[in-house]
Amino acid sequence: MTDRLLSFVQHPLGRRVARALGLPQPVRLLRRQDAWSDKELAGRAVLAIAPGSAEPLPSLLAAIVAQGAGASAGGSVQSLVVDATGCRDVAALRALFEQTQLALSRLRPGGRVLVLSSSVAVDASEAACLHAVRGFVRALAKEIGRRGATANALVLQEGAASQASLEAALRFFATDRSAYVSGQVLNWRKTDEPMTPCAADTQTPRVAVVTGAAGGIGAATARRLALDGLRVVCVDVPAARHPLEALAQEIGGSLLTVDLAGASAADELADALRRLGGVDVLVHNAGITRDRTLARMSAAEWDSVMAVNLSAILAIDAKLDAAGLLNAGAREICLSSISGIAGNAGQTNYSATKSALIGYVAARATALDGRDATINAIAPGFIETAMTRKMPLMVREAGRRLNALKQGGTPADVAEAIAFLATPPSRPLTGQVLRVCGQSLLGA
Ligand code: NAD
């Protein structure tokens, strides 16, 4: 779907007209959507600053930054990494303000800011100052969004500050892979095992399942995971057989046509996975909307959304758990929504299911931890797909613009975030919600 305003303001005349009319002037986002490499920061101008911070984090960051091209003294930078783990009193927050302000003048349009904070505080006043960093980042993200730049924060849990762990964090949050992720604060926990690189492994490809793969976010995800060398099982309804077959052929994957709301769906998927040796990456993407105000909603509209968006996921997971088909080290990703966080008029059924998934991943993460597996939710904001194409014009236009980047995301933006959560190095993230929403004002 074309965002006409985005195209219009790329021309100087269009920009002038938009400015005169007080319209948003979104910039084209810098995106990177090729396969993961072991050296994600190579060639990138990264600057790390450490206001108020103590060793060893600054030297760990310096070592990581040195792996890229590094930023020449005083030159412009593509990524700014702010170690704010030492911002534990008001004086250190002042240093955060001053040093970030100075460094920000060097950030290129479309740049990335990643702020590291800490969950470890000795008293309430330290906790307050550490928490201040979250508001700082969210406000900063809103300021730099109009230049296509983003800012996010990772709160390091005790023991999480190893070089491997920080490298894993930077490969997504400090690069153009996270183009439509902004204003997010996530917990980054300590993990014990070494975080192996995630380049394509064609010897023993990991198996991925993507439900709802015939179009939109699902198709983009299947393509993206295949790029990383995964063998993808594309699942969708029998009516979508043709696009599904074409996709499976294109990416060298396989397909399963099944109505996930049907009673035998979990069994059919389990049978297919048994033949492939289980599943390593499970993406619960299929979802539907049946929008109507609660007063007018039929029981059928309520039930069908519950069946696809929630019951099917619970049934599949229960079946795969019982059959031992979720492999050790698996990555499970559920497609939630901003509507599940903020609620949306006319979507009590949809918002309930998407909210359920947020509770589900938080609760299920502990159970999966013993198997070195993780589960997270992705909450897309306004993404340009068939689902959002159905919206009335004015609602669609509002959805597109009510975020810090003043534009909708693409299915590939969501796929890139899923691809990150699917990699071994994303292990420090589990039980959480990663919003891919351009810092949508909804539910912020
Ligand atoms: P889409 O409508 O383009 O694709 C959904 C796919 O799911 C379709 O191919 C459809 O055939 C399949 N599907 C539906 N019911 C099924 C069933 N019973 N069995 C098997 N397959 C079934 O949707 P999309 O926009 O790509 O969204 C994908 C996911 O992301 C959904 O869960 C949606 O709720 C979520 N999401 C999307 C947006 C957005 O802006 N597009 C925003 C927030 C969340």
Side-chain angles (χ1 to χ4, degrees), residues 1 3 180 209-224 233-248 255-266 268-269 272 283-291 303-313 315-316 333-344 347 349-358 360-361 377-391 395-400 402-403 407-415 417-418 433-438 440 442-443:
M1 194 167 26
D3 179 345
Y180 202 60
V209 168
V210 180
T211 68
I217 293 169
T221 300
R223 285 194 178 93
R224 182 63 190 79
V233 183
C234 306
V235 182
D236 213 297
V237 288
R241 173 172 279 279
H242 285 312
L244 204 63
E245 263 173 3
L247 176 69
L255 72 149
L256 175 68
T257 52
V258 63
D259 179 353
L260 291 169
S264 63
E268 287 182 48
L269 183 59
V283 186
H284 291 295
N285 166 76
I288 59 169
T289 51
R290 296 289 181 268
D291 295 355
D303 289 344
S304 56
V305 171
M306 284 289 152
V308 179
N309 296 8
L310 181 57
S311 304
I313 294 172
I316 289 170
I333 297 127
C334 298
L335 269 288
S336 177
S337 168
I338 292 302
S339 296
I341 297 169
N344 203 11
Q347 290 197 319
N349 50 0
Y350 183 78
S351 298
T353 59
K354 295 302 182 181
S355 206
L357 295 180
I358 294 173
Y360 183 60
V361 302
I378 295 260
F382 183 96
I383 305 297
E384 308 276 1
T385 67
M387 192 176 264
T388 46
R389 209 173 300 143
K390 285 190 286 184
M391 289 175 168
V395 179
R396 191 166 67 224
E397 200 44 30
R400 264 195 192 125
L402 287 179
N403 60 71
Q407 59 194 288
T410 65
D413 291 333
V414 183
I418 293 172
V433 185
L434 174 57
R435 292 171 52 148
V436 184
C437 66
S440 169
L442 300 179

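Every number for a ligand or one of its atoms is a count from 1 in the order of the listing. Hydrogens, waters and symmetry mates play no part in the numbers below; they use all other heavy atoms, side chains included.
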Where does [X] meet ligand 1, judged by heavy-atom distances below 4.0 Å: at the side chain, the backbone, both, or neither?
| X | result |
| --- | --- |
| Val308 | side chain |
| Val258 | backbone |
| Ile217 | both |
| Leu260 | both |
| Ser336 | backbone |
| Ala286 | both |

What protein heavy atom sits nearest [atom], and how far away is it?
| atom | answer |
| --- | --- |
| atom 7 (O) of ligand 1 | Gly212 CA, 3.3 Å |
| atom 4 (O) of ligand 1 | Gly215 O, 4.4 Å |
| atom 17 (C) of ligand 1 | Val237 CG1, 3.4 Å |
| atom 5 (C) of ligand 1 | Gly287 O, 3.9 Å |
| atom 28 (C) of ligand 1 | Asn285 OD1, 3.1 Å |
| atom 23 (O) of ligand 1 | Met387 CE, 3.9 Å |

Going by the order shown, which atoms of ligand 1 are within less than 4.0 Å of some heavy atom of [X]?
| X | value |
| --- | --- |
| Asp259 | 17 (C), 18 (N), 19 (N) |
| Gly216 | 3 (O), 26 (O) |
| Ile288 | 14 (C), 15 (N) |
| Tyr350 | 33 (C), 34 (O), 35 (C), 36 (N), 43 (C), 44 (C) |
| Gly381 | 40 (O), 42 (C), 43 (C) |
| Ile383 | 39 (C), 40 (O), 41 (N) |
| Thr385 | 24 (P), 25 (O), 41 (N) |

Margin query: Quick check for you: to the nearest 0.5 Å, what is the distance between Asn285 atom CG and Ile418 atom CD1?
Written below: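 So the CG of Asn285 and the CD1 of Ile418 are separated by 6.0 Å.
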Item checked: Partner residues of Asp413 under the salt bridge (charged side-chain N to carboxylate O under 4.0 Å, His left out) criterion, sequence neighbours left out ->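 Result, salt bridge (charged side-chain N to carboxylate O under 4.0 Å, His left out) vs Asp413: Arg31.
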Can you find a heavy atom in the side chain of [X] that is under 4.5 Å from one in the side chain of [Y]?
| X | Y | answer |
| --- | --- | --- |
| Ile316 | His284 | yes |
| Thr257 | Leu244 | yes |
| Val258 | Leu269 | no |
| Thr388 | Phe382 | yes |

Looking at [Y], is its backbone amide N or carbonyl O close enough to the side chain of [X] to form a donor-acceptor pair, meaning the two atoms are under 3.5 Å apart?
| X | Y | answer |
| --- | --- | --- |
| Asn349 | Thr289 | no |
| Arg290 | Val305 | no |
| Arg223 | Ala412 | no |
| Lys354 | Leu335 | yes |
| Thr353 | Leu310 | no |

Next item on the list: Could you pull out the closest heavy-atom pair between Tyr360 and Cys334, with the gap in Å?
Entry: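 Nearest pair, atom of Tyr360 first, then Cys334: CD2-SG, 4.4 Å.
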Item checked: Minimal non-hydrogen separation, Leu434 against Ala417, with atom names ->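 Closest approach of Leu434 to Ala417: CD2-CB, 4.0 Å.
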Next item on the list: Run the contact test for Thr211 against ligand 1 with a 4.0 Å cut-off on heavy atoms, strictly below, and give the result.
Entry: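 False for this residue.
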Next item on the list: Tell me, please: is Lys354 in heavy-atom contact with ligand 1, that is, under 4.0 Å?
Entry: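 In this structure, Lys354 qualifies as a contact of ligand 1 - some heavy atom is under 4.0 Å.
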Check: Evaluating non-hydrogen atoms only, which member of Val283, Asp236, Leu256 is closest to atom 21 (N) of ligand 1?
Finding: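 Looking at heavy atoms only, the winner is Asp236.
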Next item on the list: Could you tell me which residues satisfy side-chain hydrogen bond (donor to acceptor under 3.5 Å, both in side chains) with Glu397, sequence neighbours excluded, listed by chain and number?
Entry: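 With neighbours one apart ignored, the set is Arg400, Arg401.
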Check: Within the structure, does at least one protein heavy atom fall under 4.0 Å of atom 19 (N) of ligand 1?
Finding: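 Under the 4.0 Å cut-off, atom 19 (N) of ligand 1 does have protein heavy-atom neighbours.
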